[in-house]
Protein chains: 2
Amino acid sequence: MKYADFLNMVDDSTRAVCRRVYAENKDTIKIKKEETAIKNLEKILGAVFDITYEKGFQAMSMRDLSRRSGLSMGAMYPYFRSKEELLGIILRQGRAMLKNVFEKFKTGSERPEDRLEKVIKAHIFLSERAKPWFYFMFMEAKNLSAGERKAILESEAYTEAVIVEILEAGERAGVFRKRRHVLTASIIKAMQQEWYLKRWKYARRKVTVDEYADYVINFVNSFCLVQNSDMEAN
Amino acid sequence: MKYADFLNMVDDSTRAVCRRVYAENKDTIKIKKEETAIKNLEKILGAVFDITYEKGFQAMSMRDLSRRSGLSMGAMYPYFRSKEELLGIILRQGRAMLKNVFEKFKTGSERPEDRLEKVIKAHIFLSERAKPWFYFMFMEAKNLSAGERKAILESEAYTEAVIVEILEAGERAGVFRKRRHVLTASIIKAMQQEWYLKRWKYARRKVTVDEYADYVINFVNSFCLVQNSDMEAN
DNA sequence: AGAAAAAAAGCGAACGTTCGTTATTTTTTA
DNA sequence: TAAAAAATAACGAACGTTCGCTTTTTTTCT
């Protein structure tokens, strides 16, 4: 699977995402005209990501956001009741995006090693596609209340659990080595996160997301796949 | 190398670190009595790490810090001129700690694979020993001015460059495979960071730092070491 | 089709609160 | 007793949010 293939499989344009934000926050968003609301949500979210990438959510003031989005202070508040609620909306939407894509890619009846590759790559590609969302979710989760933070942790645990399940199935099928799969899954998660947490590094090195994803798969397979020498020893 | 061995090699008790902070910030710290200053620095830094772990540096108020450290508002300011300077002191000291340990462990004339293991483990063990520092450095670097942020990026680039150098030397010696060593170094960095960024996960699973470090080495060696099957093909 | 009225969207000043910091006073230490 | 350390109150600035007013858009009426 290449990034271009992935892009053909998911509907995740910024507009589509904002449409979903609008649909799912009807009780919060006080704007009647859907197209106006969506256009302004794009401005707001874009500005949030720009500012927070540079200085973080807490350091971002509503005046910063107003200036950057081009909406006045009063024009923003029909979209969310408070700065804190804005945070919640973004994080919930980000999580839903990740979950939807993951659900789409985690199933399939092909071989374990292909499933593993597909799941790892889907995450990397989605994080490429929605970089600001992923970066924001990682760096700003600490601003949540304890209850909502728990949901974030569960989200990470869930994606790791799927990888563990694939590794276990592959071990039973004789494809993957016996390892501490829970640790392997965590390390894979770290490899995936490296891509979107260190965007500047890969941009500077002119490494494409396909190159990175293939490299990660190669790395993981070296460790996980049963080698010929293993089989010969048996 | 085990974590216990590592601990015997570095002087990094909290007191020793605070003594270095005091020594290196003589023009900022207005307290004459060294032992008093060091004791209070321990309180301040401990409180900073507690609070920022939970809510981040920007969300931490000086009143939070005062309450948590047990020092009054006025009693804190002889230690730093402003909140921003406090940030700078911590990040600089953290960087110096990392650099000192790294310098101690990166040299040696043993085989490339042993050097690689030593360097990777030293970083993981130091991050275990000084978890709050590492977590803080990662999460709060964005609060720095552009110039200081550059120093952080250079610090990460430097440690990766050492790993690249080891991998290249190992390749020349026929020990390591030909790979994109720059990407390998970055992925190793991600594995190291996983340990201290996700402290809750490993604590919950009762994974020791020695177990984690060995697992990472095994993972990396699977990918990097020339295998028997490679040599037989040649 | 155009005007007027109503609804929706947007603006910006002001509110009450909290912030980082300082100056002065008080307390502790030697 | 003097110096050092600590405490406290207050300052000016900035914050998140609200509210009344203004502008724009849509609907209704002729």
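None of these values were measured; they are calculated from a predicted model. Within every chain, numbering begins at 1; the chains are lettered A, B, ... in the order of the sequence lines, protein sequences first and strands thereafter.
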Side-chain donor-acceptor distances from residues 82-92 of chain A under 3.5 Å, at least two apart:
{"residue": "Ser82(A)", "atom": "OG", "partner": "Glu84(A)", "partner atom": "N", "Å": "3.4"}
{"residue": "Ser82(A)", "atom": "OG", "partner": "Glu85(A)", "partner atom": "N", "Å": "3.1"}
{"residue": "Lys83(A)", "atom": "NZ", "partner": "Phe57(A)", "partner atom": "O", "Å": "3.2"}
{"residue": "Lys83(A)", "atom": "NZ", "partner": "Met60(A)", "partner atom": "O", "Å": "2.6"}
{"residue": "Glu85(A)", "atom": "OE1", "partner": "Arg81(A)", "partner atom": "N", "Å": "2.8"}
{"residue": "Glu85(A)", "atom": "OE2", "partner": "Arg81(A)", "partner atom": "NE", "Å": "3.2"}
{"residue": "Glu85(A)", "atom": "OE2", "partner": "Arg81(A)", "partner atom": "NH2", "Å": "3.3"}

Practice task
Do nucleotides 14-26 of chain D as a string where each nucleotide becomes B, S or -: B if the base has a protein heavy atom under 4.0 Å, S if just the sugar-phosphate does, - if no protein is that close.
Solution key: -BBBB------SS
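Atom-to-atom, NZ of Lys30(B) to P of dA3(D) comes out at 19 Å; the value is rounded to the nearest Å. What separates CG of Leu71(B) from P of dT8(D) is a distance of 12 Å, to the nearest Å. Atom-to-atom, CG of Leu65(A) to P of dG10(C) comes out at 14 Å; the value is rounded to the nearest Å. Remark: P of dA8(C) and CG of Asn40(A) are 16 Å apart, rounded to the nearest angstrom. Atom C1' of nucleotide dA5(D) and atom CD1 of Ile38(B) are separated by 16 Å, given to the nearest angstrom. Rounded to whole Å, the distance from CZ on Arg67(A) to P on dC11(C) is 15 Å. Rounded to whole angstrom, the span from the CG atom of Asn143(B) across to the C1' atom of dG20(C) amounts to 15 Å.
Annotation: cation-pi pair Arg205(A)/Tyr212(A) absent, no NZ/CZ under 6.0 Å from the ring centroid and within 45° of its normal. Under the 6.0 Å distance and 45° angle rule, Arg129(B) does not count as a cation-pi partner of Phe134(B).
Between the side chains of Glu194(A) and Tyr202(A), a donor-acceptor pair is found at a separation under 3.5 Å. Glu160(A) and Ser186(A) share a donor-acceptor pair across their side chains, judged by distance under 3.5 Å alone. For the residue pair Lys189(B) and Thr159(B), a side-chain donor N or O sits within less than 3.5 Å of a side-chain acceptor on the partner.
Within residues 45-56 of chain A, no residue has any heavy atom closer than 4.0 Å to DNA chain D.
Side-chain N/O atoms of Tyr79(B) include none lying less than 4.0 angstrom from OP1 or OP2 on dT21(C). The phosphate of dA6(D) (OP1 or OP2) has no side-chain N or O of Ser72(B) nearer than 4.0 angstrom.
Ring planes of Phe138(B) and Tyr196(B): perpendicular class, angle over 60° (limits at 30 and 60°).
With respect to the salt-bridge test (charged N to carboxylate O, under 4.0 angstrom), the residues Lys39(A) and Glu34(A) do not qualify.
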Exercise for the section: Quick one: do Lys43(B) and Tyr79(B) satisfy side-chain contact (heavy atoms from CB on, under 4.5 Å)? Show the steps, please. Expected result: CA-CA 12 Å; Lys43(B) 288 182 187 171; Tyr79(B) 291 89; over 6 Å; no
